[in-house]
Amino acid sequence: MLDKAFDPRTAEPRLYAAWEKSGAFAPGGEGAPFTIVIPPPNVTGSLHMGHALNNTLQDVLCRFERMRGRSVLWQPGMDHAGIATQMVVEREMAKRQEPKRTEIGREKFLEKVWAWKAESGGAIIAQLKRLGASCDWSRTRFTMDEGLSAAVNKVFVALYREGLIYRDKRLVNWDPKLVTAISDLEVENTEVSGHFWHFKYPLENGESYQFPTAHDENGEPTAWETRDYISIATTRPETMLGDGAVAVHPSDKRYAPIVGKRCLLPLADRYIPIITDDYPDPDFGSGAVKITGAHDFNDYKVAIKHDIDLFILMDERARMLDAKYIPAKYRGLDRFEARKQIVADIDERGLLIKVEDKKIMQPFGDRSGVVIEPMLTDQWYADAEKLSLKAIAAVETGKTRFVPENWTKTYYQWMRNIEPWCVSRQLWWGHQIPAWYGPDGHYFVAETEEEAIREAIIRYTAEGYTVEEIDAMMRGEGEGPLLVRDEDVLDTWFSSALWPFSTLGWPEGDSSFPSPSGRGARGEGPAGEAAVLRPQTGDPLPWPLPHRGRGEDSASLLHNHYPTSVLVTAHDIIFFWVARMMMMGTHFMKDVPFRDVYIHALVLDEKGQKMSKSKGNVIDPLVLIDKYGADALRFTLAAMAAQGRNIRLSEARVEGYRNFGTKLWNAARFCEMNGCVFDPAFDPQSARETLNQWIIHEAGKAAGEATAALEAYRFNDAAGAIYKFTWNVFCDWHVELTKPILMGADGLAKAETQKATAFVLTQIMKLLHPFMPFVTEELWRGTAERDGALIVSSWPTAPEFSPAEKAADEINWMIGLITAIRSTRAEMNIPASAKIPMLVIAAAPATAARIDAHKELIARLARLEPVSVAPSSPKGAVQIVHEGSVYALPLIGVIDIAAETARLGKEIEKCAREIEAIDKKMSNASFVEKAPPEIVDENRERRIAFAERREKLAAALAQLSSA
RNA sequence: GGGCGCGUAGCUCAGCGGUAGAGCACUACGUUCACACCGUAGGGGUCGCAGGUUCGAACCCUGCCGCGCCCACCA
């Protein structure tokens with residue numbers, strides 16, 4: 001017996017544990033592999049709406065394809081999230097008043113991070129399970145586990161040897177709070193209100209020139225003033241101490257007299273040249289730009305081009321440096337303090353022309369929220385431009401496809417303008433760069449320290465060191481050890497870029513690469529999360545355990561599942577992740593990492609704003625799951641996941657779909673109460689009853705729509721098709737229409753209807769399972785003895801449903817008739833409880849036959865008693881025209897003649913309007929001529945139908961008024 | 001400055017060339033033993049505005065008005 005209602009709170013964890021234990025999540029189908037790698041959530045992460053949507057869609061696809069018999073691998077894992085994790089642990093340490101990271105040292109700190117991970121990291125995995133995600137958790141990977149770390153090393157070394165990774169000194173985005181370089185993508189440019197300071201830089205030797213102050217309409221100067229300075233403007237006065245030149249545009253006549261001369265850099269008391277370059281815009285500011293090569297990306301380019309001196313002004317925390325070229329009074333000041341002081345000092349010297357308020361774009365670190373400082377440092381770079389070529393070509397040639405397609409444009413735009421990727425970070429938590437420095441500053445890039453040492457020995461031997469000298473250095477005598485490892489770690493996205501193949505065992509499974517020394521590619525980190533992730537229960541399985549899992553080793557795993565089938569992600573990560581995976585995949589695997597990239601919406605709040613903690617508008621998916629169940633949340637997200645649109649989530653919607661689950665549950669209870677038990681021997685093709693043929697036909701239509709929609713990633717359409725069929729066809733009509741049969745005496749018809757109904761209910765469970773896995777699985781077991789779990793059952797396919805157009809037409813006609821009668825009853829204010837007689841007026845033989853066949857049902861559902869036949873309508877009866885036939889409700893004396901007259905009049909008018917519209921079309925010669933014939937025919941037919949209807953209505957009206 | 005997208009029922013959104021749709025909310029009525037997390041019936045839209053293409057436009061094109069997002073070095 002099914003319970004009165006489905007209780008997600010108790011059922012969901014139980015069902016999930018059973019699935020997991022049965023091995024259903026492991027690849028095992030006989031069909032072609034279907035593979036998705038999860039966008040690895042941060043170890044520090046907890047489930048938010050974005051995750052909920054992202055993983056719901058992946059799970060829908062996985063469950064769908066699994067049921068279609070494919071060998072589904074949904075590869076799960078987590079990202080070590082360098083900066084985020086390091087920040088979390090440091091914060092924890094601060095809270096406990098423990099010594100700082102820098103005090104305890106790298107090794108101790110990393111131990112703490114691993115300990116933190118073991119204890120509180122990865123909470124999101126349990127949350128994904130609550131959502132119902134059918135990942136193969138036995139294969140959970142972590143970007144810092146041994147196998148993935150080996151892959152990272154291998155890739156770094158390989159790229160280095162190919163010249164695609166190099167060390168370089170150039171301007172980087174420096175985060176002075178986190179004290180690390182970050183990539184362009186981690187910088188958020190935000191408009192803030194700032195100031196525009198105009199300074200005078202006096203000319204050398206008191207020189208002066210005539211500067212035009214007024215112009216005529218032709219732009220010719222009409223007035224001049226004598227200037228002994230050049231006017232520059234800046235939004236960052238503190239950087240002036242590092243100016244190496246002032247630049248003007250070569251065409252700017254105003255400054256022509258002083259080009260090539262020098263001006264005094266105030267405060268710094270240096271002279272700098274006035275040069276020309278195309279970069280300054282004569283119409284902006286004063287037209288003259290100070291060139292601060294070491295603290296501005298534009299200036300840097302100009303400085304390099306003209307070989308202008310670069311002055312590094314700040315230390316790693318953006319405090320003014322203790323340097324000769326910086327006046328003593330500014331040294332050690334924070335950059336913003338220095339700014340104030342410098343402006344004050346310039347002003348004091350009478351060199352401040354004016355200060356304007358101005359909106360300026362300012363770069364902020366996306367994690368620290370602090371103003372980013374361009375800094376000249378040594379960093380490791382990947383040659384993104386070279387790596388992008390194959391990645392771009394792969395999309396151009398269609399080897400990888402974006403869905404929706406318009407995201408390809410975004411991808412191209414970024415890829416085609418790509419800058420070198422700064423991959424080093426001055427952090428501790430991450431993959432330490434496999435580079436070792438010798439005492440002479442030369443570095444050796446190698447996968448292991450031993451290898452680096454070997455290379456070093458070769459090099460230093462060649463340079464003429466004796467074996468003894470090298471040996472002495474090796475033992476760390478004198479200056480210290482021969483080689484010192486680079487302290488930096490790699491950008492977190494570096495390891496993420498390898499995710500689609502590193503998680504599948506690369507480089508082990510790739511014969512073109514030698515295996516990394518010793519280690520298994522499936523190694524776990526020190527935390528041993530395997531024990532945490534696997535269920536501990538010893539409960540017997542509620543269903544027989546199917547044989548699943550091919551026992552793939554890493555070689556066949558990589559071979560079978562790469563390229564992966566589809567990547568499901570949000571657009572905000574195309575650059576960070578998708579692009580980088582494309583680069584690394586095409587380079588190392590010689591094939592794209594995924595065939596399709598499905599870009600889904602962002603989940604916003606009801607007002608369309610991004611959810612954020614600071615705004616306090618976060619809807620917690622776990623709260624919704626608690627309240628409505630995971631199924632309801634999943635269905636809502638899928639139903640709203642229309643392509644190319646953001647999702648504004650409202651709780652009412654979730655509630656509505658929770659109700660849908662309950663509706664299905666109750667339909668199943670109805671079936672149970674009426675002996676509709678699934679019979680595997682039932683052949684839907686064999687159904688004889690019109691009703692059964694009809695519902696099987698309709699179920700087939702819904703299945704077809706759902707399948708086509710899922711194949712095209714139209715999740716909302718698939719959800720919609722299933723919803724409508726389940727509620728508006730199966731529950732609203734089939735259940736009602738079968739009641740007399742099911743509740744009647746035994747018979748062949750009853751037996752068939754029971755089986756057909758159970759069959760269709762089973763199909764619904766299957767179709768709905770990817771969206772609502774929990775209720776459907778519970779019903780699957782609760783409604784019949786079955787061989788296996790629903791999760792590993794088969795997806796409905798066309799041959800299971802016999803098309804039955806004729807039966808469908810007949811039942812749909814009946815539904816229309818019943819609806820029309822009900823509608824009229826309501827309009828006439830006939831009490832729902834009242835049973836009234838109905839006369840079928842002079843029906844055509846076909847209609848008469850249909851009436852005859854379904855008289856009881858029509859009577860029951862439209863509350864009629866009796867239904868009989870008459871040659872004409874009695875006077876004063878309410879008359880209904882439906883598909884060319886007239887039905888009369890003889891309620892003489894009961895009905896309001898005036899109201900009925902009005903009703904008929906309104907309907908006639910409606911017909912007239914339609915006819916008029918069609919006539920207008922048809923009388924247009926070019927319509928008949930140019931429109932497709934089927935459209936023209938359709939209009940002709942509609943015109944006939946409406947005309948007939950109008951005629952019948954008119955006759956009814958005439959009869960009424962003659963009464 | 002470039003790119004992408006959105007303005008359709010009170011709200012949240014589908015539809016994207018041939019008869020305007022869903023969920024929620026709303027109104028009326030509820031006889032029935034699957035379900036009140038329900039049933040039946042209903043109200044509600046000149047599909048942002050203006051042009052154009054077309055036999056035909058919510059849908060295609062152009063412009064405008066509002067809104068959002070992404071990229072970009074105007075010091």
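Each chain gets a letter, A, B and so on, in the order its sequence line appears, and its residues count up from 1.
- For the C1' atom pair drawn from G18(B) and A34(B), the interatomic distance equals 41 Å after rounding to whole Å.
- Phe297(A) comes within contact range of no nucleotide atom at all, as no heavy-atom separation falls under 4.0 Å.
- Using a 4.0 Å heavy-atom distance criterion, Tyr723(A) is classed as a sugar-phosphate-only contact.
- When distances run from any side-chain atom of Arg653(A) to the nucleotides U12(B), G18(B), C29(B), the shortest one goes to U12(B).
- Remark: the separation of the C1' atoms in C11(B) and U62(B) is 33 Å, to the nearest Å.
- In this model, a side-chain donor or acceptor of Glu736(A) finds a partner on the base of A34(B) within 3.5 Å.
- When distances run from any side-chain atom of Thr819(A) to the nucleotides A41(B), C69(B), A34(B), the shortest one goes to A41(B).
- With C55(B), C35(B), A75(B) as the choices, the nucleotide that has an atom nearest any side-chain atom of Asn924(A) turns out to be C55(B).
- Pairing partner, G23(B): C11(B), with both Watson-Crick or wobble hydrogen-bond distances short of 3.5 Å.
- When heavy atoms are screened at a 4.0 angstrom cut-off, Val928(A) is found touching no nucleic acid atom at all.
- Closest to the side chain of Asn406(A), out of G5(B), C69(B), G18(B), is G5(B).
- Defined by atom type and a distance below 3.5 Å, a donor-acceptor pair is present between the side-chain atoms of His195(A) and Asp357(A).
- With a cut-off of 3.5 Å on both pairing distances, the Watson-Crick or G-U wobble partner of C55(B) is G18(B).
- Across all strands, Pro831(A) comes closer than 4.0 Å to no nucleic acid atom at all (heavy-atom distances).
- Within 4.0 Å of Gly287(A), counting heavy atoms only, lies at least one base atom of the nucleic acid.
- With P as the reference atom, G5(B) and G17(B) are 16 Å apart, rounded to whole Å.
- Here Trp727(A) reaches the OP1 or OP2 of G39(B): one of its side-chain N or O atoms lies under 4.0 Å away.
- The side chain of Phe575(A) lies closest to C70(B), out of C74(B), C70(B), G23(B).
- Of the residues near RNA chain B, Asn829(A) and Phe927(A), the one whose nearest nucleotide (by heavy atom distance) lies more toward the 5' end is Asn829(A).
- Heavy atoms of Lys359(A) sit nowhere under 4.0 angstrom from any nucleic acid atom.
- When only modelled atom types and interatomic distance are considered, Thr824(A) and Glu827(A) share no side-chain donor-acceptor pair under 3.5 Å.
- Looking at Thr757(A) and His734(A), their side chains do bring a donor and an acceptor atom within 3.5 Å of each other.
- Side-chain atoms of Arg822(A) stay outside donor-acceptor range of the base of U40(B), with no qualifying N/O pair under 3.5 Å.
- One finds a side-chain N or O of Ser823(A) lying less than 4.0 angstrom from the OP1 or OP2 phosphate oxygen of G42(B).
- Side-chain atoms of Arg658(A) and base atoms of C37(B) include a donor and an acceptor less than 3.5 Å apart.
- With hydrogens and angles left out, the side chain of Lys663(A) and the base of C35(B) share a donor-acceptor pair within 3.5 Å.
- Separating the NE2 atom of His600(A) from the P atom of C4(B) is a distance of 22 Å, rounded to the nearest angstrom.
- Comparing A34(B), U19(B), U12(B) by their nearest atom to the side chain of Met640(A) picks out U12(B).
- In terms of phosphate contacts, Lys920(A) brings no side-chain nitrogen or oxygen within less than 4.0 Å of OP1 or OP2 of C55(B).
- Contact annotation for Ser286(A): no contact, since no heavy-atom pair falls under 4.0 Å across all strands.
- Residues Arg949(A) and Glu907(A) are paired through a salt bridge, judged by an N-O separation under 4.0 Å between the basic side chain and the carboxylate.
- Among the heavy atoms of the strands, none lies under 4.0 Å from Arg825(A).
- Of the side-chain N and O atoms in Asn659(A), one or more sit less than 4.0 angstrom from OP1 or OP2 of C38(B).
- Lys835(A) comes within 4.0 angstrom of nothing in the nucleic acid, heavy atoms only.
- Nucleic acid contact class of Met743(A) (heavy atoms, under 4.0 Å, all strands): sugar-phosphate only.
- Electrostatic pairing of Arg913(A) and Glu909(A) counts as a salt bridge here, judged by a charged N lying under 4.0 Å from a carboxylate O.
- The base of C37(B) sits within donor-acceptor range of the side chain of Thr662(A), with an N or O pair under 3.5 Å.
- The side chain of Met673(A) lies closest to A34(B), out of G18(B), A34(B), A75(B).
- Residue Arg863(A) is classed as a base contact, given a heavy-atom separation below 4.0 Å to a base.
- Here G68(B) presents its C1' atom at 15 Å from CG of Asp572(A), a figure rounded to the nearest Å.
- Comparing the P positions of C29(B) and A20(B) gives an interatomic distance of 32 Å, to the nearest angstrom.
- Atom-to-atom distance recorded for Leu737(A):CG and Ile818(A):CD1 is 6.0 Å, nearest 0.5 angstrom.
- Pro266(A) meets the side-chain contact (heavy atoms from CB on, under 4.5 Å) test with Tyr201(A), Pro202(A), Met240(A), Ile346(A), Leu351(A); sequence neighbours excluded.
- Spacing between atom CG of Leu633(A) and atom C1' of G23(B) amounts to 15 Å, rounded to whole angstrom units.
- As rounded to whole Å, 19 Å separates atom P of G18(B) from atom NZ of Lys930(A).
- In this model, the phosphate group of G5(B) is not approached by any side-chain N or O of Lys409(A) to a distance below 4.0 Å at OP1 or OP2.
- Closest to the side chain of Ser926(A), from the set C55(B), U31(B), C71(B), is C55(B).
- Across G43(B) and C24(B), the matching C1' atoms stand 16 Å from one another, rounded to whole Å.
- Using a 4.0 Å heavy-atom criterion, one finds that Cys671(A) contacts no nucleic acid atom at all.
- A sub-4.0 Å separation between OP1 or OP2 of A22(B) and a side-chain N or O of Lys724(A) is absent.
- Straight-line distance from the CD1 atom of Ile935(A) to the P atom of C55(B): 15 Å, rounded to whole Å.
- Considering only the side chain of Ala652(A), C24(B) comes nearest among A41(B), C24(B), G2(B).
- Rounded to an integer number of Å, the gap from CH2 of Trp733(A) to P of A34(B) is 17 Å.
- As rounded to whole Å, 9 Å separates atom P of A72(B) from atom CE of Met361(A).
- Take the nearest nucleotide of RNA chain B for Glu827(A) and for Asp296(A): the residue whose nucleotide is more 5' is Glu827(A).
- Rounding to the nearest 0.5 Å gives a distance of 7.5 Å between CZ of Phe715(A) and CZ of Phe771(A).
- Using a 4.0 Å cut-off between charged nitrogen and carboxylate oxygen, Glu900(A) and Arg903(A) count as a salt-bridge pair.
- Asp717(A) places its CG atom 17 Å from the P atom of C13(B), with the value rounded to the nearest Å.
- Among pairs with a residue in residues 624-636 of chain A, those fulfilling salt bridge (Lys or Arg N to Asp or Glu O under 4.0 Å) read Asp59(A)-Arg634(A), Arg130(A)-Asp626(A), Lys627(A)-Glu651(A), at least two apart in sequence or across chains.
- The partner of C6(B) is G66(B), judged by Watson-Crick or G-U wobble contacts that both fall below 3.5 Å.
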